[in-house]
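Structure record follows, encoded as structure tokens.
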Amino acid sequence: CYSRNHFLNMYIKSGSMIEAWEVFDRLTEQNAVSWNTLIVALSEMGSNREALRCLKQMQLEGISPSLVTCICGLKACANVGAIDSGQEIHTLIRLNGFEKDILIGNTLVDMYTKCGLFLEAQLVFDKLQVRNVVSWNAMLGGHDLSYVGRTPMECFEQMQEDGAKPDETTFKCLITACSHSGLVDKGKEYFKAMKDDYGIPPREEHYTCIVDLLARSGNLYEANKLVNSMPCSPS
RNA sequence: UCCACUAAGCC
């Protein structure tokens, strides 16, 4: 069944969804992994409702959702703001004792922020036993932090006190958060600090973030200057 | 370790 699932994934990754379904149907024994593979594929192609239907279906067929199933399901919920299903999955998580898992926790935080339940997200976040850079990035990037009475700056400091090392994604989230809160100077500072103090060379997306920040604040001249000084796209 | 967490703008 091992190789069968690989096979299934191969079709999916090459974009042959029809063949993938055929392979799936012909599997004599669909285990949680085959279902997960399908659910991920569906949600990646934007068929999130269909993905959630699969999650129900697998249960009807007597296969219990694994930890990975819960993660994939939550992502599908996050994509379409399906808070009801999200909460059902959260219940499932509790029933199975998956809640201490960091990946589960991070995905829950993300799902709740994407669904607009910021306090719920904060609650899950606070209850995490261990937090990593992804947890912090999810908080930082998910929504306007002012909903939970925080600023991007505080969040950024706290994450470091907590021992998380800011990465590329952190700065994308951080600068975007500044941009959305009108914190123009702070955003510029962070952009500079990123390479000067943290040794992270800005990528194309970081330039997009900072240009967006400048342009939004009416700083067209500076934005233009920056675009012209950009190195050619690395990758 | 068959599958799995966060990630800019435009729309």
Side-chain angles (χ1 to χ4, degrees), chain A residues 1-13 20 23-24 27 29-44 46 51 54-55 58 63 65-79 86 89 93 98-114 121 124-125 128 130-143 145 152 155-156 159 164-180 187 190-191 194 200 202-217 223 226-227 230 233:
Chain A
C1 204
Y2 235 60
S3 58
R4 281 269 156 194
N5 286 327
H6 267 131
F7 203 50
L8 175 62
N9 210 12
M10 246 176 52
Y11 276 116
I12 288 173
K13 292 292 187 287
V23 172
F24 182 84
L27 287 178
E29 204 175 55
Q30 289 131 351
N31 60 15
V33 175
S34 1
W35 281 100
N36 296 347
T37 307
L38 199 60
I39 291 172
V40 171
L42 288 168
S43 97
E44 276 175 358
C54 282
L55 202 157
M58 77 184 272
I63 311 225
S66 67
L67 187 145
V68 175
T69 315
C70 294
I71 292 180
C72 314
L74 289 175
K75 280 182 68 143
C77 297
N79 288 338
I89 297 174
I93 287 169
F98 292 154
E99 43 193 346
K100 286 183 303 287
D101 184 89
I102 178 81
L103 299 190
I104 287 279
N106 291 346
T107 314
L108 275 170
V109 169
D110 181 56
M111 185 277 293
Y112 279 122
T113 57
K114 297 243 165 72
V124 174
F125 181 84
L128 285 178
V130 185
R131 294 173 204 127
N132 62 16
V133 66
V134 174
S135 335
W136 284 99
N137 290 349
M139 281 307 283
L140 205 46
H143 53 87
L145 289 165
C155 212
F156 184 62
M159 81 180 278
K165 194 163 164 263
D167 64 6
E168 286 186 4
T169 302
T170 307
F171 283 98
K172 258 186 259 179
C173 298
L174 187 58
I175 297 170
T176 305
C178 289
S179 175
H180 291 167
Y190 287 133
F191 182 72
M194 174 170 69
I200 301 174
R203 302 168 60 88
E204 207 181 323
E205 306 100 279
H206 295 107
Y207 279 100
T208 317
C209 294
I210 192 75
V211 167
D212 175 67
L213 173 134
L214 293 171
R216 266 178 209 265
S217 60
L226 196 71
V227 171
M230 261 181 69
S233 2

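Below, chain A is the first sequence line, B the second, and so on; all start at residue 1. All values below come from the heavy atoms of this structure, side chains included, with hydrogens, waters and symmetry mates left out.
Protein atom CZ of Phe125(A) is 12 Å distant from nucleotide atom C1' of U6(B), rounded to whole Å. Rounded to whole Å, atom P of U6(B) lies 13 Å from atom CE of Met111(A).
Side-chain contact annotation: Asp110(A) with Thr107(A), donor-acceptor N/O pair under 3.5 Å absent. Between the side chains of Asn5(A) and Thr37(A), not a single donor N or O lies within less than 3.5 Å of an accepting N or O.
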Show me the donor-acceptor pairs within less than 3.5 Å that the side chains of residues 70-79 of chain A make with the rest of the protein, sequence neighbours left out.
unit_1: Asn79(A); atom_1: ND2; unit_2: Asn48(A); atom_2: OD1; d: 3.0
unit_1: Asn79(A); atom_1: ND2; unit_2: Lys75(A); atom_2: O; d: 3.3

Between protein and nucleotides 8-11 of chain B, what N or O pairs are separated by less than 3.5 Å?
unit_1: G9(B); atom_1: OP1; unit_2: His180(A); atom_2: NE2; d: 3.1

Could you go through nucleotides 3-5 of chain B and list every protein N or O atom that sits under 3.5 Å from one of its N or O atoms, giving the distance for each pair?
unit_1: C3(B); atom_1: O2; unit_2: Asn36(A); atom_2: ND2; d: 2.6
unit_1: C5(B); atom_1: OP1; unit_2: Lys75(A); atom_2: NZ; d: 2.7
unit_1: C5(B); atom_1: O2'; unit_2: Thr107(A); atom_2: OG1; d: 3.2
unit_1: C5(B); atom_1: O2; unit_2: Asn106(A); atom_2: ND2; d: 2.7

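Contact record, Pro152(A) with Leu174(A): O-CD1, 3.8 Å, taken as the closest heavy-atom pair.
Across Phe191(A), Phe156(A), Tyr190(A), a single residue satisfies ring-ring contact (aromatic ring centres under 6.0 Å, His included) together with Phe171(A), and that is Phe156(A). The side-chain hydrogen bond (donor to acceptor under 3.5 Å, both in side chains) with Asn106(A) is formed by just one residue from the set Asn132(A), Asn137(A), Asp101(A); it is Asn132(A).
Within the 4.5 Å cutoff, side-chain heavy atoms of Ile39(A) are placed close to those of Met58(A).
Summarising the local packing, CZ of Arg4(A) is surrounded by 12 or fewer heavy atoms from other residues, nucleotides or ligands at distances under 6.0 Å.
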